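A note on names: the letters A, B, ... follow the listed sequences, proteins ahead of strands, and every chain is numbered from 1. Treat the numbers as computed from the prediction; the structure is a model and nothing was measured.
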Protein chains: 2
Amino acid sequence: MAKRLSPDEYVAGLLAGNRFVLSRAITLVESTLPTDRELARQLLERVLPHTGRSVRIGITGVPGVGKSTFIEALGMHVVAERGQRLAVLAVDPTSQRSGGSILGDKTRMNQLAAHEHAFIRPSPAGRSLGGVARATREALLLCEAAGYDVIFVETVGVGQSETAVHGMVDFFLLLMLAGAGDELQGVKRGIMEMADAVVITKADSGNELAARRARREYQGALQLFPHAASGWASVARTCSALTGEGVAGVWEEIGRYLALTQPNGFFDQRRREQNLQWLQQSVREALEERFYARPEVARRLPALRELVEQGRTSAFGAAEELLGLGDA
Amino acid sequence: MAKRLSPDEYVAGLLAGNRFVLSRAITLVESTLPTDRELARQLLERVLPHTGRSVRIGITGVPGVGKSTFIEALGMHVVAERGQRLAVLAVDPTSQRSGGSILGDKTRMNQLAAHEHAFIRPSPAGRSLGGVARATREALLLCEAAGYDVIFVETVGVGQSETAVHGMVDFFLLLMLAGAGDELQGVKRGIMEMADAVVITKADSGNELAARRARREYQGALQLFPHAASGWASVARTCSALTGEGVAGVWEEIGRYLALTQPNGFFDQRRREQNLQWLQQSVREALEERFYARPEVARRLPALRELVEQGRTSAFGAAEELLGLGDA
């Protein structure tokens, strides 16, 4: 392990857009060591004035939907066609168990991984969604300080991580397949209503008609949803990462979203709300982590959970017993 | 104020189905006085073996959708046609500010309020959603111990309370109007995907065609949603509380849901999961309540929130500062 950089070295390197320093800084915010946390906190405070100027885009979809190829196609559009700098991050709390998130396998994103204006970072391996989400949000700020104009935050679409990603991005994309079975479409309930755009992927190789039909169906469904506070009406599009058809169209929707929500004030207002939510969540996670780490709580919890699950003691009674132990 | 009953008097009265004792017991679980909380805890533990045998139904919809008349119509079907005992509870954290929830105005449910097999209780006036939700879930258990076969939990459909209600019921009904403007339809995003059934209300007085069209549209949208773990495919129905048309049909859907999820084990599994979630939430709320009640935290919080909102300090830094104060 290389020796730790000084705070000044981190700040100077980040603001100069040094990729090596950015990688090291992200490793720092992923660390849970108290000394690293303190250094990370100082670093974040110092670069904070240089953050916030990117467009943050969440991308979700279950395995099999073609997420990596979609990210590569949309990412290449951003870096090559539009000449912007792109960072791709991921939130995947299962990455430790499953042996690495999709982004861990950079070979699936050959072109993008090789591009000088793209920075790809796999999901941190964290103990909890809270920890992974925190590290990713901090990494996002570091990427902004390093001058990235567009940030993709990828998530796997089957768990609670979408809510966390939704809380850290400006625009949320849901990838879906036309005519896939339920098992493939198995995204968690509630995700579709978070989506600012639903993209039907793999609209190629004879699948074009089915994709267009799916697009119409999703467009109809999205219209029934309550409108977002932003005034934005969610859209459905088709896209082929193979032929490139529809990729620019997806990017245009994001442009339309910004053209609506930046002048009407919603964009900034949502970021302010996200900041406050993040404060509340950070406090909550720290309180819970400390509480459940207490030996007397950790010892008693499994038995109490079993009693509660079986309905042999009430959740309230069990909670009060645990809280009493925590006080001891 | 009448003198407090003894634990034995509460238990005996509840198990005998005494409405007066039930009311008193609910007032007890709504109390935040430590001595009341301890008595409530004892009471809940003692009646716990007599709980869990009702069907718990969440009902949500924005003001104007006709929720009170729908609850009266479906409720009368339950008590008069089916001969079951019905308790109607509510979760409305705004009730203190807005001067009483819909259920506070029992005059809108004349028939049901007068029926000997119906028990109607307005939302507790609580400081927080967490407190209101806790009291309602405890009230639900008390109603079950008092022999009620069906519990409706009403919520107002515009905030976070739907998630709380969804977490305490077996079946979740969303009421919608055909062709209403966005302002009337303004339910929170994510609620539609929680719904086990969407009911288009006021399908009468010349509105029948529009209601049927809305039903088809919602049915189409619901089919695009990922199927629930239960195997249940959400349905859309029309209903008129005025003519009674469709009311029995809504109840039949609930029966179909039970016929599917009780034999396949999902019904019990979901209740066990809800119990565990409730344990976790009870602990979380208590930890947060204690933390934010600390004078040094309460003093510093407003200024820190403002700095975070304006992006002048990071959420993480602010959280660590607050947590440091909490330790002092």
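- Only the side chain of B:Leu48 comes within contact range of chain A, with heavy atoms under 4.5 Å apart.
- Interface residue A:Glu288: backbone and side-chain heavy atoms are both found under 4.5 Å from chain B.
- For a residue to count as touching a neighbouring chain, one of its non-hydrogen atoms must lie under 4.5 Å from one of that chain's; by this rule B:Leu276 touches chain A with backbone and side chain alike.
- Residues A:Phe316 and B:Val29 have side chains not in contact (no heavy-atom distance under 4.5 Å, counting atoms from C-beta outward).
- Residue B:Glu38 qualifies as enclosed at atom CD: its count of foreign heavy atoms under 6.0 Å is above 12.
- Closest heavy-atom contact between A:Ala319 and B:Leu279: N-CD1, 3.5 Å.
- Only the side chain of B:Glu45 comes within contact range of chain A, with at least one heavy atom under 4.5 Å from a heavy atom of that chain.
- Note: B:Gln223 CD to A:Glu217 CD = 9.0 Å, rounded to the nearest 0.5 Å.
- With values rounded to the nearest 0.5 angstrom, A:Leu322 atom CG is found 11.5 Å from B:Gln280 atom CD.
- Taking CD from B:Glu289 and CG from A:Leu287, the interatomic distance works out to 12.5 Å, rounded to the nearest 0.5 Å.
- When the candidates B:Ala315, B:Ala221, B:Gly52 are compared by the number of heavy-atom contacts under 4.5 Å with chain A, B:Ala315 comes out ahead.
- For a residue to count as touching a neighbouring chain, one of its non-hydrogen atoms must lie under 4.5 Å from one of that chain's; by this rule A:Arg271 does not touch chain B.
- At a 4.5 Å heavy-atom cutoff, the contact between B:Arg305 and chain A is made by backbone and side-chain atoms alike.
- Of the atoms belonging to A:Leu44, it is side-chain heavy atoms, and not backbone ones, that fall under 4.5 Å from chain B.
- Applying the 6.0 Å contact sphere to CD of B:Glu273 captures more than 12 heavy atoms from other residues, nucleotides or ligands.
- Heavy-atom distances place both the backbone and the side chain of A:Arg284 under 4.5 Å from chain B.
- Between the CZ atom of A:Arg41 and the OG1 atom of B:Thr313 there is a distance of 8.0 Å, given to the nearest 0.5 Å.
- Between the side chain of A:Glu193 and the main chain of B:Glu193, a donor-acceptor pair closer than 3.5 Å is present.
- With a 4.5 angstrom heavy-atom cutoff, B:Glu309 touches chain A via backbone and side-chain atoms both.
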